[in-house]
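To start, the structure under review is shown below, and the notes come after it.
Naming: A, B, ... by sequence-line order, numbering from 1 per chain.
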There are 2 protein chains.
Amino acid sequence: MSNPDPSADSSNFALVRLRALLDDSSFEGEQRLPAERVLAAQIGIGRRALRRALEVLEAEGRIWRHQGKGTFAGPRPAHTPANLEELSKRTHPLEVMDVRLEIEPALARLAAMRATNGDIERLLRLAEKTASSSDADGRELWDSALHRTIAEAAGNSLLLAIFDMVDRIRQDTAWRLLRERARSGERQQAYVEQHRRVIAAIAQREAHAAEHAMREHLDHVREGLLKVMTSPLPARMDGQIPEKPVTADTKKEIRHGT
Amino acid sequence: MSNPDPSADSSNFALVRLRALLDDSSFEGEQRLPAERVLAAQIGIGRRALRRALEVLEAEGRIWRHQGKGTFAGPRPAHTPANLEELSKRTHPLEVMDVRLEIEPALARLAAMRATNGDIERLLRLAEKTASSSDADGRELWDSALHRTIAEAAGNSLLLAIFDMVDRIRQDTAWRLLRERARSGERQQAYVEQHRRVIAAIAQREAHAAEHAMREHLDHVREGLLKVMTSPLPARMDGQIPEKPVTADTKKEIRHGT
DNA sequence: TCCCGAACCAATTTGCAAGTGGTTCGATGA
DNA sequence: TCATCGAACCACTTGCAAATTGGTTCGGGA
């Protein structure tokens, strides 16, 4: 009987050689392997056959590769994003919402305890602006400024940096549409009232009340988000249907690497 | 009577010209101004006089400058660090501890709800290792791995990224010494017991208990940190005195930029 | 005493070259 | 007919040197 996959012959040879190389003590740590072109010449096979073997080893987790860097022995180092784009790809709106629900109530509580009178003045002015803003973009901006001012008033630079990180992800790309749909008219009204309550609690230095009010507000926001995501086609005035079901696509694409 | 500050003559001239330039619509946004050398030649004064004028404008907040970048119209953009070194410079151990107190109890709660059985197995193994580890470095590593595994088990990639960020700051530079001193023998014993409690709660899926146990644990850690920082020279078995009062120096160096 | 020009320092940006894995293509040979 | 190879190209990363910028110092000159 003939070989069912003759194409793998020289690749198999390469696999044997590569496994021997990896088992060798010289590649113990996270050592870098020679470049593909060099390695192929060393073993005496073509680059294509070598790459097939490397794919197997990578799938096994014995090596990892990165374009422009090289091929390395050992498991792929834990990928901690640290830059926004990567992080933004790997998360999704519900995760972000969960994080906000953990962080921002704490920020509100701390703000109630540590805000300066100047902070509180700024908050009150912002609340007015948010309420009186008419267009969606304007609301968006004032709302963002309001939440950030609370984060500043909390007086913890590290927490502020974390808030900024989350906020930048939130403002990224495709989510704007989602958020816009999540704030219908009456919901927007409720948001304004909830903001007022949070700010009032902070202004009166009621830490617990501030935390509670903020959590309640974000619960409402989360609920709005869920509603939009689970019923993607509510009656729309303009009758337009989004070309792509944003939520589903986004989630699938994001989920691929935990 | 003579001019009390004749040195400001050409600088004043430059100020007038510059204000006119800034009021001009062409520099509305965060536009970049010409280089100092060019600008000085344009206005027809020396660079030194120009720089005096620019200092005034910068103090007024109408422009901002940065070495190697240039001079820009408008207020200085909000500085959101985003990279570890900057962040690490701008925070201090107590801030980090406060953040951990906000984040990690939430992580423990989520882990209790969402951990896989595999996660729980890993946690139990790690707890053993941590308890049996003898040297300080070993404890440090196992402890870190334990907390991170809980963060992983919480199943929120964004929260995990935040945890990693905080953890990297925590492990940075000078704080290692501080932490080492904060874990005396009996405190270490208590930590092991607290870890056991957190893990047990997670394993039994008791979300609230897990959150509570983790908060209690971190409260103890915080207390240990405070004790070390407020009484920098406890009685030491070996009689050695650290060459430098680490806490004070570190705090001062870190504090310089809020 | 003040101003100017020059020079130097330090931080940043920019462009380029080299090297890497990822991919496509046509020629070759079993 | 098919797998293979070599070549070429693309996309990404790294490293380095040049250029540019603000920050600073110094000496000449009015």
Side-chain angles (χ1 to χ4, degrees), chain A residues 2-15 17-18 21 30-59 62-74 76-77 79 81-83 85-86 89, chain B residues 2-15 17-18 21 27 30-59 62-74 76-77 79 81-83 85-86 89 257:
Chain A
S2 66
N3 192 331
D5 186 5
S7 78
D9 273 359
S10 56
S11 294
N12 270 333
F13 177 64
L15 255 182
R17 289 289 303 270
L18 286 175
L21 193 63
E30 296 186 2
Q31 191 88 28
R32 174 173 172 180
L33 271 62
E36 288 187 358
R37 293 159 175 84
V38 177
L39 205 50
Q42 278 184 6
I43 300 182
I45 57 173
R47 194 168 159 228
R48 183 155 181 167
L50 172 67
R51 282 182 57 73
R52 250 198 304 270
L54 288 176
E55 279 166 23
V56 174
L57 290 174
E58 186 176 30
R62 302 199 50 173
I63 63 168
W64 63 277
R65 304 180 284 176
H66 190 90
Q67 187 173 350
K69 278 185 169 178
T71 306
F72 300 83
R76 182 183 300 272
H79 180 38
N83 64 340
E85 301 81 30
E86 283 303 310
K89 278 181 199 156
Chain B
S2 66
N3 192 330
D5 186 5
S7 79
D9 273 359
S10 57
S11 294
N12 271 334
F13 177 65
L15 254 181
R17 292 286 305 269
L18 285 175
L21 193 65
F27 285 106
E30 296 186 3
Q31 192 86 28
R32 174 173 173 179
L33 272 62
E36 288 186 358
R37 292 162 176 82
V38 176
L39 205 51
Q42 278 184 8
I43 299 182
I45 58 172
R47 194 168 157 229
R48 184 156 180 166
L50 172 67
R51 281 181 59 72
R52 248 198 305 270
L54 289 176
E55 279 166 23
V56 175
L57 290 174
E58 186 175 29
R62 301 196 54 169
I63 62 167
W64 62 278
R65 305 181 282 177
H66 191 91
Q67 187 174 348
K69 277 184 167 177
T71 305
F72 300 83
R76 183 183 298 272
H79 180 38
N83 64 344
E85 300 82 31
E86 282 304 309
K89 279 182 201 158

Inset, instruction - Test for a donor-acceptor pair under 3.5 Å between the base of C/dG22 and the side chain of A/R51, counting only N and O atoms. - result: no

Inset, instruction - Classify the side chain of B/R47 versus the base of D/dT24 as yes if they form a donor-acceptor pair under 3.5 Å and no if they do not. - result: yes

Rounded distance in Å - [atom1] ([X]) to [atom2] ([N]):
X: B/Q67; N: C/dC9; atom1: CD; atom2: P; answer: 13 Å
X: B/E36; N: C/dA7; atom1: CD; atom2: C1'; answer: 15 Å
X: B/R52; N: D/dG23; atom1: CZ; atom2: P; answer: 15 Å
X: B/R48; N: C/dT1; atom1: CZ; atom2: P; answer: 13 Å
X: A/K69; N: C/dG19; atom1: NZ; atom2: C1'; answer: 14 Å
X: B/R37; N: D/dT24; atom1: CZ; atom2: C1'; answer: 11 Å
X: A/L50; N: D/dA3; atom1: CG; atom2: P; answer: 19 Å
X: B/E55; N: D/dG23; atom1: CD; atom2: C1'; answer: 10 Å

Legend entry - First encountered from the 5' end of DNA chain D, between B/T71 and A/G46: A/G46

Inset, instruction - Say whether, by atom type as modelled, one donor and one acceptor occur between the side chain of A/R32 and the main chain of A/K69 under 3.5 angstrom. - result: yes

Legend entry - Position toward the 5' end of DNA chain C (nearest nucleotide), A/V38 or B/G44: B/G44

Inset, instruction - Taking the side chain as every heavy atom from C-beta outward, state whether B/W64 and B/T71 have any atom pair closer than 4.5 Å. - result: no

Inset, instruction - State, yes or no, whether a side-chain contact exists between B/R51 and B/R65 at a heavy-atom distance under 4.5 Å. - result: yes

Legend entry - Proximity to the side chain of B/R65 - top-ranked nucleotide from D/dC5, C/dC4, D/dG22: D/dG22

Legend entry - Nearest-0.5 Å distance, CG of residue B/L39 to CD1 of residue B/I45: 7.5 Å

Inset, instruction - Ignoring backbone atoms, test whether A/H66 places a side-chain nitrogen or oxygen under 4.0 Å from the OP1 or OP2 oxygen of C/dT20. - result: no

Inset, instruction - Report the C-alpha distance between A/I43 and A/L21 in whole Å, list the side-chain angles of each, state the deciding distance to 0.1 Å, and finish with yes or no for side chain to side chain contact (heavy atoms under 4.5 Å, CB included). - result: CA-CA 11 Å; A/I43 300 182; A/L21 193 63; over 6 Å; no

